[in-house]
Amino acid sequence: MSTGKNTKGYETPNHPYQGERIAEEADLLSRYGLKNKEEFWRAQSELRNMRREARRLLGEAQGDVDAAQDAGAEFVARLRRIGILGDNDDISTVLSLDVTDLLERRLQTVVYRQGFASSTQQARQFIVHGHITVNGARVTRPSVKVDVDDEGAIAFDETSPLADDLHPERAESQE
């Protein structure tokens, strides 16, 4: 028997067909190499939860940004650690974030942006097939959020054939 709690981790759009929304989602799916709309909706839900937490903290502090910043110090520190907020941003900046800010911090996007792959789809394949390591640990989930400190620690797995600079797929992506 279900308790009625949504355990999916994401919400689908309320209206099934809105041409403009569908076109926008399709554009972001191809730009960030997402497998399906579920991944996009997960990112939207994660952003929604972050905004909700920021609003709650600001509301409890009755609009006092500094007090909310102190109350949500761990929340803000986590967002700074994964690179969603800059060092000078405060908690009110969370309210103006866009879903692309979250998608930019995915391992898949970071691997592509750093030139390990020639496309976001290829970056996804390299990750899923176990060719990418972060801090020496193999990561096979493209949706992992990469900490700012770990960006320089992304590399090809030393046991991977892609670790060889002369590998054909590497030659394409290094041009």
Side-chain angles (χ1 to χ4, degrees), residues 6-13 21-54 74-89 93-94 96-175:
N6 183 6
T7 57
K8 264 199 308 199
Y10 66 93
E11 293 175 28
T12 57
R21 176 188 54 79
I22 291 171
E24 187 179 312
E25 285 176 355
D27 175 52
L28 288 170
L29 255 63
S30 65
R31 194 162 8 134
Y32 288 100
L34 304 179
K35 184 174 75 173
N36 53 33
K37 290 197 177 172
E38 179 184 321
E39 286 193 329
F40 178 71
W41 294 332
R42 279 184 194 280
Q44 278 186 323
S45 292
E46 193 176 344
L47 178 64
R48 194 177 306 119
N49 291 337
M50 287 176 185
R51 285 185 180 150
R52 187 176 295 133
E53 177 67 7
E74 288 179 18
F75 172 65
V76 173
R78 185 175 75 86
L79 295 180
R80 284 187 177 141
R81 189 181 73 239
I82 58 177
I84 293 173
L85 289 183
D87 291 337
N88 301 326
D89 294 337
T93 311
V94 176
S96 62
L97 290 176
D98 189 36
V99 71
T100 56
D101 296 319
L102 246 62
L103 295 173
E104 284 291 334
R105 299 307 308 158
R106 289 167 49 100
L107 178 60
Q108 178 178 356
T109 308
V110 174
V111 165
Y112 168 66
R113 297 267 190 258
Q114 288 189 356
F116 287 101
S118 57
S119 68
T120 53
Q121 288 80 5
Q122 187 181 49
R124 179 183 197 88
Q125 184 181 33
F126 285 173
I127 294 164
V128 170
H129 289 207
H131 296 296
I132 301 292
T133 61
V134 179
N135 282 333
R138 184 178 292 164
V139 181
T140 57
R141 286 184 28 237
S143 63
V144 170
K145 302 288 180 290
V146 179
D147 289 358
V148 176
D149 299 341
D150 293 342
E151 273 187 50
I154 295 174
F156 284 111
D157 187 359
E158 57 195 37
T159 62
S160 166
L162 291 165
D164 180 9
D165 289 338
L166 299 175
H167 190 281
E169 289 299 323
R170 286 276 307 265
E172 286 178 28
S173 62
Q174 296 299 320
E175 290 176 6

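These numbers were taken from a predicted model, which means no experiment stands behind them.
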* Asked: Is any side-chain heavy atom of I154 closer than 4.5 Å to a side-chain heavy atom of V134?
  -> yes

* Is there a side-chain contact between F40 and L103 (heavy atoms, below 4.5 Å)? -> yes

Which atom names give the shortest non-hydrogen contact between [X] and [Y], and what distance separates them?
{"X": "R138", "Y": "G130", "answer": "NE-O, 3.1 Å"}
{"X": "A163", "Y": "D157", "answer": "CB-O, 3.5 Å"}
{"X": "A117", "Y": "A123", "answer": "CB-N, 3.4 Å"}
{"X": "V148", "Y": "G83", "answer": "CG2-CA, 3.4 Å"}

So does [X] pair up with [Y], basic N to acidic O under 4.0 Å?
{"X": "E74", "Y": "R81", "result": "no"}
{"X": "R78", "Y": "E53", "result": "no"}
{"X": "K145", "Y": "E46", "result": "yes"}
{"X": "E38", "Y": "R42", "result": "yes"}

* **Verdict with supporting geometry, K37 and I22, side-chain contact (heavy atoms from CB on, under 4.5 Å)** => CA-CA 10 Å; K37 290 197 177 172; I22 291 171; 3.6 Å; yes

* Asked: Among all residues two or more places apart in sequence or in another chain, which pass the side chain to side chain contact (heavy atoms under 4.5 Å, CB included) test with T100?
  -> L28, Y32, D98

* Asked: Looking at residues at least two apart in the chain, or sitting in another chain, which of them share a side chain to side chain contact (heavy atoms under 4.5 Å, CB included) with R80?
  -> Q69, V76, L85, D87

Tell me if a side-chain donor or acceptor on [X] pairs with a main-chain N or O of [Y] at a distance below 3.5 Å.
{"X": "D164", "Y": "L166", "result": "yes"}
{"X": "T120", "Y": "G33", "result": "yes"}
{"X": "H129", "Y": "H131", "result": "no"}

Distance in Å, [X] [atom1] paired with [Y] [atom2], rounded so as to fall on 0.5 Å steps:
{"X": "L97", "Y": "L79", "atom1": "CG", "atom2": "CG", "result": "7.5 Å"}
{"X": "L29", "Y": "E25", "atom1": "CG", "atom2": "CD", "result": "7.5 Å"}
{"X": "F156", "Y": "I132", "atom1": "CZ", "atom2": "CD1", "result": "4.5 Å"}
{"X": "S119", "Y": "R124", "atom1": "OG", "atom2": "CZ", "result": "11.5 Å"}
{"X": "F126", "Y": "Q108", "atom1": "CZ", "atom2": "CD", "result": "12.0 Å"}
{"X": "L107", "Y": "E151", "atom1": "CG", "atom2": "CD", "result": "10.5 Å"}

* If you draw a 6.0 Å radius around CD in Q114, do more than 12 non-hydrogen atoms from other residues or ligands fall strictly inside? -> yes

* Within 6.0 Å of CG in N36, more than 12 heavy atoms from elsewhere -> yes

* To do: Please report the C-alpha distance between T140 and V128 in whole Å, then the side-chain angles of each, then the deciding distance to 0.1 Å, and finally whether the side-chain contact (heavy atoms from CB on, under 4.5 Å) criterion is met.
  => CA-CA 5 Å; T140 57; V128 170; 5.8 Å; no

* To do: Given side-chain contact (heavy atoms from CB on, under 4.5 Å), test V146 with R105 step by step and report yes or no.
  => CA-CA 6 Å; V146 179; R105 299 307 308 158; 4.3 Å; yes

* When the ring planes of Y10 and W41 are compared, do they come out parallel, tilted or perpendicular, using 30° and 60° as the limits? -> parallel

